[in-house]
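Here the structure comes first, spelled out in structure tokens, and everything after it is commentary.
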Amino acid sequence: MRKWIAITFLLILGFFMLRIAGAFPFGENTWKVARQYVKNVTEEKWWVAEHYVDKGIKENRGSNLVTSIVVNYRGFDTLGEVTVLFLAATALAFLLSSCTCFRKYERIEASLILKTASDTLYPLLILFGAYIFIHGHLTPGGGFQGGTVIASAVMLMLLAHFSFHPNHEVLSVTEGLAGIVFAAIGLAGLIWGRSFLANNILPLGHWNRLFSAGVIPLIYIAIGFKVGSELSGLITDMFKVTKEE
Amino acid sequence: MILEYFMILLLLLMVGLAIYAVETKDLLASVIAAGFVSLVASIVYLYLQAPDVAMTEAAIGAGLTTLIFIIAIRKTERRER
């Protein structure tokens, strides 16, 4: 019975994804399609969406419009999102530390290929994650994606080596500091700018440069550190329970 | 035109894999099928010109979530009761 409910939901989801895929003409200019879509859907009633598409780049000078919306226009939502992630990680750590109901099993040592490959890839993956969140306002990606890539680098090392222990103190302190930086930038906007998380406290700079778009790269770097340390800590917790049993 | 047929093929593949993930009794196969659904979804997002969402889906859906579920399966049971 439960299975059939799940399958029905999946079919409904697939139907709607097909409809969305059918609504876009493929291979056309992104901006034209996006603007046309906003006009069709909103019928000029909800002008906020149109404002984002039309003026977002001019107002924030970031070439990635998605980042401008996520970090600036909808920055308060992103603060809430980061808080939800923090709560989920804390709850999982609490559950794992108190539960003794897990099955015991033997852990086999990793093969030479996995060990060598992860030793080579570990610094490169960290560099790539840092690249993604530092260039969040220029290219696709940002704090959440970069943080996840860093966490997957830590995960690879944990799979390959028994002796690899990320320092939990350092991870918690990094996570807390990054959260404080995010909130402090928001409060600075409240004091010196227009509103909470306002983007007029730093010079906006030139379009398509690394040092541009005001506070957006600073916030995304803070989010990258926060998400990366949080997910790394979470994965380390899960592996640690494995080792004790 | 070819792109559209390819897209329909990918979406049908997604639905099929999702049904397999629900139906199968082997939880490890189910988790891998779910990760594959995320991977195909990220290709679909790339075609819909949303590279940000595609990156998130590939990194979180196909990478981290699959691994966390696999660790959980190793600590509990592989077969569905």
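Each chain gets a letter, A, B and so on, in the order its sequence line appears, and its residues count up from 1. Values below: all heavy atoms of this structure, side chains included; hydrogens, waters and symmetry mates excluded.
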pair Ile235(A)-Leu64(B): side-chain heavy atoms closer than 4.5 Å: yes
Value rounded to 0.5 Å, distance of CG in Leu18(A) from CE in Met14(B): 9.5 Å
CZ (Phe86(A)) with more than 12 external heavy atoms under 6.0 Å: no
Side chain proximity check, Asp52(B) to Asn64(A), heavy atoms < 4.5 angstrom: yes
Heavy-atom closest contact (Ala6(A) atom, Val22(B) atom, distance): CB-CG1, 4.1 Å
Closest contact, heavy atoms only, Ile7(A) versus Glu23(B): CD1-OE2, 3.7 Å
Rounded distance (nearest 0.5 Å) linking atom CE of Met55(B) with atom OG1 of Thr148(A): 9.5 Å
Toward chain A, the part of Ile68(B) with a non-hydrogen atom under 4.5 Å: both
Heavy atoms of other groups near Leu124(A) CG, more than 12 under 6.0 Å: yes
Arg19(A) side, atom CZ; Leu11(B) side, atom CG - distance, nearest 0.5 Å: 14.0 Å
Distance, nearest 0.5 Å, that separates CE of Met17(A) from CG of Leu10(B): 10.5 Å
Exceeds 12 heavy-atom contacts within 6.0 angstrom, atom CD1 of Ile2(B): no
Exceeds 12 heavy-atom contacts within 6.0 angstrom, atom CZ of Phe225(A): no
Spacing of CD1 belonging to Ile70(B) relative to CG belonging to Leu159(A), to within rounding of 0.5 Å: 9.5 Å
Flag side-chain contact, heavy atom, 4.5 Å: Leu10(A) against Val15(B): no
